[in-house]
Amino acid sequence: IPSHEQYHFGAFVREFLSEGTDFPDALMIEQDLFKALEQLPKEVPPAFSIDDITTTEIDDAFSILALEDGAWRVGIHIDAPALAVKPNTALDSIVQQRLSTVYMPGNKFTMLPSQLVSHFSLDEGIWRPALSLYLDIDAEFQITAQSTKLEQVMIADNLRHDAIEPYFNEQNCMQDSGHAYWSSLNLLYRFALTLEKARGKADSQQNTQRDYSFYVEAGRVRIVERRRGTPIDKLVSELMIAVNQHWGAWLAQHKIAGIYRAQQNSKVYMTLRAEPHQGLGVPQYAWSSSPLRRAIDLFNQRQLISIVTQQAAPYSESDDVIGGVMRRFDMVYQQYREFQTRMERYWCLQYLRQEQLDTLTGVVWRENLVRIDGMPYVCKVSSLPNLPSGTHVSLHIEMIDTLNLHLSAKFVAQIEGEIEPVILDEESELMLSQEATQAATSETDAASSVSENPTQEQALCCEWVVVWHARRRTLNQ
């Protein structure tokens, strides 16, 4: 094992990508298909996307068209790989095997081959095939009409968070900052606020949750913290909720089978029926906005396109294929997310080593768990006194174990200041669950004796423990 990074990486590949991470050489995409796609209509005004700088699979873009009497037509454009990935083909088999793109700091395994991604990703300066939802809104941002079209869209610009947010944030989202896209962003943001209010989810309190981006180059990592819930975040998330809600209703209206994500009585689950998602406050929610990256969205897009083209839908509600994909996806997607979190934990620990840090600060989350400042890492601190959640503390690093993904730290002092609100979302609960598992694993004699260069027997033992805990979590869920 050349490194602990390769150990974690290799364990995942052996379990989930046993046939290799590359796509088969014999996998061919018909060039005539791309020529046929060029015949789709080109009637939409230029669109723009909003993504992180590292995003290469650009699934969604937006357009705005002024109508009479102060009304607007908002276009939400989703890339359309379902036009090329047909049922019962070699590409379809790969989709059903991988089910999703797998992300990790500095790397990813795409669900679809790069050749196909490059033809459908909504990259700037190019006409791209798209399935578009149009929402006509009046001067009060109320939806007055909607329609869905299969067409080509000209992507004028790929806006990136780091470049656009200085010109569109809490301070200047309502006052012209001079950016070329400010007026478009302002209109979509005000529409997003209306959509959020209609869902019953409007909240005047500032979001204190944070997102983290990892940039890995030549073995060194940079972790960038970004507060969640910015005007850009709200704009994009509300429009994605809208498209998934409306297309879910459209499938149900036409009695076409779809895969829905629902939540009732605090339980989130996948279903083939249009059921409410109480957490989002919508009557139905069908994942349809990321067909390049998620199999569920791709399957739903096939069904939606059948309505637009007035052809028979590929799947019925009783079809074993769509039901099987739905059942496998939920389990596999959770395991992919756990792997992503595990690799983020590795790079958090690697960052501490890289920067040669011996002291840390953090916030008490629950009992003896502390979230380290500046990174998505939760550490178990046995010496932590009984302090309220949200208390800021300083810690001394005693040991960093990148094999077992464990940080041993000792409580130093309480940092005076305001108590920070602690919000435990789904991702936070996953981090807490993994920290508890890692803490239990690290307390075994085998783990405590592993060096930076473990022997084969030690590595196999630790691999078994990690896999066993992961499968136990899956069974419990």
Side-chain angles (χ1 to χ4, degrees), residues 12-13 15-31 33-34 36-37 55-60 78-104 107-122 128-131 150 244 247-248 251 256-261 270-272 286-306 309 311-317 319-337 339-340:
F12 173 82
V13 170
E15 183 166 4
F16 293 98
L17 298 170
S18 57
E19 297 182 3
T21 59
D22 296 329
F23 293 92
D25 293 335
L27 191 64
M28 299 296 293
I29 301 172
E30 298 178 6
Q31 295 302 313
L33 171 66
F34 296 125
L37 297 179
T55 301
T56 57
E57 300 159 283
I58 300 178
D59 279 306
D60 52 85
I78 306 299
D79 53 14
L83 293 171
V85 186
K86 303 293 186 179
N88 304 316
T89 61
L91 272 173
D92 184 50
S93 297
I94 288 175
V95 168
Q96 293 193 43
Q97 176 190 351
R98 296 201 173 193
L99 294 173
S100 171
T101 292
V102 183
Y103 295 96
M104 72 207 81
N107 200 357
K108 67 179 177 180
F109 302 129
T110 58
M111 181 179 74
L112 294 168
S114 59
Q115 178 191 4
L116 192 140
V117 171
S118 65
H119 275 282
F120 286 92
S121 176
L122 302 182
R128 288 297 195 211
L131 188 63
L150 189 60
N244 292 328
W247 277 344
L251 288 171
I256 300 295
I259 304 176
Y260 297 85
R261 194 159 181 85
M270 308 295 286
T271 175
L272 295 177
W287 267 349
S288 312
S289 54
S290 298
L292 276 179
R293 298 182 285 130
R294 286 191 305 233
I296 298 297
D297 303 58
L298 182 65
F299 272 63
N300 280 338
Q301 188 174 85
R302 288 172 176 167
Q303 303 290 84
L304 291 163
I305 289 175
S306 75
T309 59
Q311 297 178 345
Y315 311 104
S316 65
E317 189 173 315
D319 196 306
D320 290 339
V321 174
I322 193 170
V325 166
M326 179 191 71
R327 288 187 291 272
R328 293 196 308 276
F329 180 88
D330 226 8
M331 181 181 69
V332 170
Y333 194 60
Q334 180 70 15
Q335 291 170 330
Y336 284 2
R337 289 182 60 194
F339 170 67
Q340 178 182 351

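Note that the structure is a prediction, hence the values are computed from the model and not measured.
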Would Leu150 and Leu83 satisfy side-chain contact (heavy atoms from CB on, under 4.5 Å), going step by step from the backbone distance to the final call? CA-CA 10 Å; Leu150 189 60; Leu83 293 171; 3.9 Å; yes
Value for CZ (Phe299) from CG (Leu304), rounded to nearest 0.5 Å, stands at 13.5 Å
Does the pair Phe120 and Leu112 meet the rule for a side-chain contact (heavy atoms from CB on, under 4.5 Å), with working shown? CA-CA 11 Å; Phe120 286 92; Leu112 294 168; over 6 Å; no
What pairs with Glu317 under side-chain contact (heavy atoms from CB on, under 4.5 Å), at least two apart in sequence or on another chain? Ala257, Leu272, Arg273
Between Pro291 and Met111, which heavy-atom pair has the shortest distance, and what is it? O-CE, 3.5 Å
side-chain hydrogen bond (donor to acceptor under 3.5 Å, both in side chains) partners of Asp60, counting only residues at least two apart: none
Would you call the rings of Tyr336 and Phe12 parallel, tilted or perpendicular, taking 30° and 60° as the class edges? perpendicular
Counting C-beta onward and ignoring hydrogens, is there a side-chain heavy-atom pair between Ser288 and Ile78 closer than 4.5 Å? no
Atom CG of Asp79 and atom CG of Leu122: how far apart are they, to the nearest 0.5 Å? 5.0 Å
So which atom in Pro314 and which in Ser306 form the shortest heavy-atom distance, rounded to 0.1 Å? CD-CB, 4.2 Å
Please check: side-chain N/O of Thr89 versus main-chain N/O of Asp92, any donor-acceptor pairing under 3.5 Å? yes
Are Ser289 and Trp247 close enough that some pair of their side-chain heavy atoms sits under 4.5 Å apart? no
Heavy atoms, side chains only, cut-off 4.5 Å: are Val102 and Asn107 in contact? no
Can you list the residues that meet the ring pair (Phe, Tyr, Trp, His ring centres under 6.0 Å) rule with Phe329, with sequence neighbours excluded? Trp287, Tyr333
Contacts of Thr55 that satisfy side-chain contact (heavy atoms from CB on, under 4.5 Å) - sequence neighbours left out: Asp51, Asp52, Ile58, Arg160
Let me confirm one number: the OG1-CG distance from Thr101 to Leu292, rounded to the nearest 0.5 Å. 7.5 Å
Can you list everything that forms a side-chain hydrogen bond (donor to acceptor under 3.5 Å, both in side chains) with Ser290? Sequence neighbours excluded, please. Arg293
Go through the structure and list residues passing ring pair (Phe, Tyr, Trp, His ring centres under 6.0 Å) with Phe109, not counting sequence neighbours. Phe9
Residues that Lys108 engages under side-chain hydrogen bond (donor to acceptor under 3.5 Å, both in side chains), provided they are two or more places apart: Thr56, Glu57
Supply the atom-to-atom distance Asn244 CG to Asp297 CG, rounded to the nearest 0.5 angstrom. 7.0 Å
Least distance between heavy atoms, Ala84 atom then Leu116 atom: CB-CD1, 4.0 Å
Run the side-chain hydrogen bond (donor to acceptor under 3.5 Å, both in side chains) test against Ser121 and tell me which residues pass, sequence neighbours left out. Asp123
Does Arg328 have any side-chain contact (heavy atoms from CB on, under 4.5 Å) partners at least two apart in sequence or in another chain, and if so, which? Gln96, Leu99, Val325
Nearest 0.5 angstrom please: Arg128 CZ to Leu37 CG, how far? 10.5 Å
Test of understanding: with side-chain contact (heavy atoms from CB on, under 4.5 Å), list the residues that count as partners of Ala82, not counting sequence neighbours. Leu298, Gln301, Arg302, Ile305
With Asp330 via salt bridge (Lys or Arg N to Asp or Glu O under 4.0 Å) - residues at least two apart: Arg261
